[in-house]
Amino acid sequence: MKGKVVKYVKGKDGVIRGVIVLHKGNYLERPVQLVCPLEIRSMVKENQGRHKESTEDNDDKLKKRPERKAAKMAKVNIREQLKDD
């Protein structure tokens, strides 16, 4: 059975113990042990109204974030150290 997880069910201790799954219009409650995540690609709507399948290249572009200031400083320090040697 394939479905979409729409809600997490937490126990009294706050730990997620189950999920509510939407399957063919029905909501089913399942324990976490019986749920297996699948990587299913979704259709991304373009500005022109056409649909295209998302690709790994698009996913990589979305995941990129700006370089942290600490990382930039570290690169500068490493270059300076290498020049001295």
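Minimum interatomic distance between Val19 and Val35 (heavy atoms only, all atoms of both residues): CG2-CG2, 3.4 Å.
By the 4.5 Å heavy-atom criterion applied to side chains, Ile16 and Lys10 are counted as neighbours.
Hydrophobic side-chain contacts under 4.5 Å tie Leu28 into a cluster, directly or through other members, with Met1.
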For residues 66-79, which side-chain donor-acceptor pairs fall under 3.5 Å, sequence neighbours excluded?
from	atom 1	to	atom 2	distance (Å)
Glu67	OE2	Lys75	NZ	2.7
Asn77	ND2	Met73	O	3.4

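Summarising the geometry, atom CZ belonging to Arg17 is positioned 12.0 Å from atom NZ belonging to Lys12; distances are rounded to the nearest 0.5 Å. The CG atom of Leu22 lies 5.0 Å from the OH atom of Tyr27; values are rounded to the nearest 0.5 Å. Between atom NE2 of residue His23 and atom NZ of residue Lys2 there is a gap of 10.0 Å, rounded to the nearest 0.5 Å.
In this structure, Val21 is not a member of the same hydrophobic cluster as Leu34, with clusters built from ILVMFWY side-chain heavy atoms closer than 4.5 Å. Residues Ile20 and Val5 are members of separate hydrophobic clusters, defined by side-chain heavy-atom contacts under 4.5 angstrom among Ile, Leu, Val, Met, Phe, Trp and Tyr.
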